Each structure stands twice: as C-alpha cells, then as structure tokens.
Amino acid sequence: MERTVIPAFFNAHTHLGDSFVMEEPVGTLPEVVGPGGFKQRMLESAEEATLLRSMATAFSHMLRTGTFGFADFRESGGVRGGSH
C-alpha cells in the first residue's frame, strides 16, 4: 500500500479581526484600507463580543479544514497567532 505524507497547512497571513465583515468593500485601496477607510470604520463600529465571536468562528473553520497554525496581523496592535 502506498502512502503520501504531506505537511499540514500554515496560513502565514490572516486578519482574523476582520472576519466579521460580511459586505464586500468597494473603492480604491486607500478608500478601503487607508486611514478613515472602510476597514477602519468597520473595526471602530464593531462590538468586542462580535469581534471575538467571529475570530473564534474563523479559527474553528481553519481547524476543521486542516490548517495547523496561523500568523495573525492586527492593525490595532498586539501579538496574535496560534497552532494546535
């Protein structure tokens, strides 16, 4: 019996804090991710519970679909990352 061993996936660039946004941003790059842009407005208006819930959901999805670890990037600062 032949077997193949492949390494688990590692997502090297996530933005789990943005996972609560369900609408597609429209505009130029500065309008979407620049200071005062769509992303900043969405993050400022979100409740912490919503952010935490959506990050947990995104993390659970990665676990269920075979992602071993991730590196998360946060505009608001702080170090995030995880593996199991």
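In this text, all values refer to a predicted model and were calculated from it rather than measured experimentally.
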message: Run Phe20 and Leu43 through side-chain contact (heavy atoms from CB on, under 4.5 Å) and show every step you take.
response: CA-CA 9 Å; Phe20 74 97; Leu43 287 168; 3.7 Å; yes
field: Atom pair CG (Asn11) and CZ (Phe59), whose distance is rounded to the nearest 0.5 Å
entry: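 Asn11 atom CG to Phe59 atom CZ measures 12.0 Å (nearest 0.5 Å).
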- prompt: If you measure from CG on Leu16 to CZ on Phe70, what distance do you get to the nearest 0.5 Å?
  reply: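 One gets 5.0 Å once the value is rounded to the nearest 0.5 Å.
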Heavy-atom closest pair, residues Ala12 and Phe73: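 Scanning both residues, the minimum pair turns out to be O-CE1, 3.4 Å.
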Using distance only, find each side-chain donor-acceptor pair of residues 47-55 under 3.5 Å and give its atom names and separation, not counting sequence neighbours.
| unit_1 | atom_1 | unit_2 | atom_2 | d |
| --- | --- | --- | --- | --- |
| Ser54 | OG | Ser19 | OG | 3.4 |
| Ser54 | OG | Thr50 | O | 3.2 |
| Ser54 | OG | Leu51 | O | 3.0 |

message: Are the side chains of Phe38 and Val26 in contact, using a 4.5 Å heavy-atom criterion?
response: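 With C-beta onward as the side chain, the pair stays apart.
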task: Quick one: which residue pairs count as a salt bridge (charged side-chain N to carboxylate O under 4.0 Å, His left out) with a foot in residues 3-22, not counting sequence neighbours?
output: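 Only Asp18-Lys39 qualify under salt bridge (charged side-chain N to carboxylate O under 4.0 Å, His left out).
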Please output the side-chain donor-acceptor pairs of residues 29-37 that fall under 3.5 Å, not counting sequence neighbours, one pair per line with the distance.
| unit_1 | atom_1 | unit_2 | atom_2 | d |
| --- | --- | --- | --- | --- |
| Glu31 | OE1 | Thr28 | N | 2.8 |
| Glu31 | OE1 | Thr28 | OG1 | 3.3 |

- request: Give a yes or no on whether the backbone of Ala71 and the side-chain of Thr14 come within a donor-acceptor separation of less than 3.5 Å.
  value: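 Flag set: sc Thr14 to bb Ala71 pair under 3.5 Å.
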- request: Using side-chain hydrogen bond (donor to acceptor under 3.5 Å, both in side chains) as the criterion, list what pairs up with Glu23, not counting sequence neighbours.
  value: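 In terms of side-chain hydrogen bond (donor to acceptor under 3.5 Å, both in side chains), with neighbours along the sequence ignored, Glu23 is linked to no residue.
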field: ring pair (Phe, Tyr, Trp, His ring centres under 6.0 Å) partners of His61, counting only residues at least two apart
entry: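 Testing His61 for ring pair (Phe, Tyr, Trp, His ring centres under 6.0 Å), a comparison that skips the adjacent residues, returns none.
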